K.L.:
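Mind looking over this structure? Questions follow.
Just so you know, residue 1 is the first one in the sequence shown, and it goes up from there. These figures come from a predicted structure and were not determined experimentally.
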Amino acid sequence: LNDLSGEYKMLFLDVWPDDYLRLTKQAARLLGKGAIIVADNMSSHRDKDGVKNDVPTDTHDFKEYVKTISNSMSIRDDMGSGVLVARLRK
């Protein structure tokens, strides 16, 4: 992310839940006004052995951060392992 430049309209996250906040903060400088953030695995995640686990509380801080930079945020728990969708206001 540090080597990227320009303006992007979407950030899609499908990484380990404890990486969401760090990566979103790094990418924020690249996201234009009205950009969309989509994050998978908001309600559950499979570990490296394929076992489904509840999402660690690390996603709480991520969700709170996204609330501060977005106009709207929605979390759909009925879509697979949960999906967050937010639209940036900056």
K.L.:
Of all residues at least two apart in sequence or in a different chain, which pass the salt bridge (charged side-chain N to carboxylate O under 4.0 Å, His left out) check with K9?
P.N.:
E7

K.L.:
Quick one: side-chain hydrogen bond (donor to acceptor under 3.5 Å, both in side chains) partners of K67, sequence neighbours excluded?
P.N.:
E64

K.L.:
Identify the heavy atoms of M10 and A35 that sit nearest to each other, and give their distance.
P.N.:
N-CB, 4.5 Å

K.L.:
What is the distance from atom CD1 of I36 to atom CZ of R87, rounded to the nearest 0.5 Å?
P.N.:
4.5 Å

K.L.:
Are the side chain of Y20 and the backbone N or O of D40 linked by a donor-acceptor pair below 3.5 Å?
P.N.:
yes

K.L.:
So which heavy atom on L23 is nearest to which on L13, and how close?
P.N.:
CB-CD2, 4.3 Å

K.L.:
Should L31 and L11 count as side-chain neighbours, where that means a heavy-atom distance under 4.5 Å?
P.N.:
yes

K.L.:
Which is it for I69 and Y65 under the side-chain contact (heavy atoms from CB on, under 4.5 Å) test, yes or no, and what are the steps along the way?
P.N.:
CA-CA 7 Å; I69 63 172; Y65 175 71; 3.7 Å; yes

K.L.:
Can you name the closest pair of heavy atoms from S70 and R89 and give their distance?
P.N.:
O-NH1, 2.9 Å

K.L.:
Kindly determine whether F62 and D18 satisfy side-chain contact (heavy atoms from CB on, under 4.5 Å), including the steps that lead there.
P.N.:
CA-CA 9 Å; F62 163 71; D18 54 349; over 6 Å; no

K.L.:
For the residue pair R29 and N2, what are the closest heavy atoms and their distance?
P.N.:
NH2-O, 3.5 Å

K.L.:
Out of curiosity, L30 CG to L1 CG, how far, rounded to the nearest 0.5 Å?
P.N.:
7.0 Å

K.L.:
Checking R22 now: which residues fulfil salt bridge (charged side-chain N to carboxylate O under 4.0 Å, His left out) with it, not counting sequence neighbours?
P.N.:
D19

K.L.:
Go through the steps for V83 and V38 under the test side-chain contact (heavy atoms from CB on, under 4.5 Å), then give the verdict.
P.N.:
CA-CA 7 Å; V83 176; V38 178; 3.9 Å; yes

K.L.:
Checking T24 side chain against L21 main chain: does a donor-acceptor pair fall under 3.5 Å?
P.N.:
no

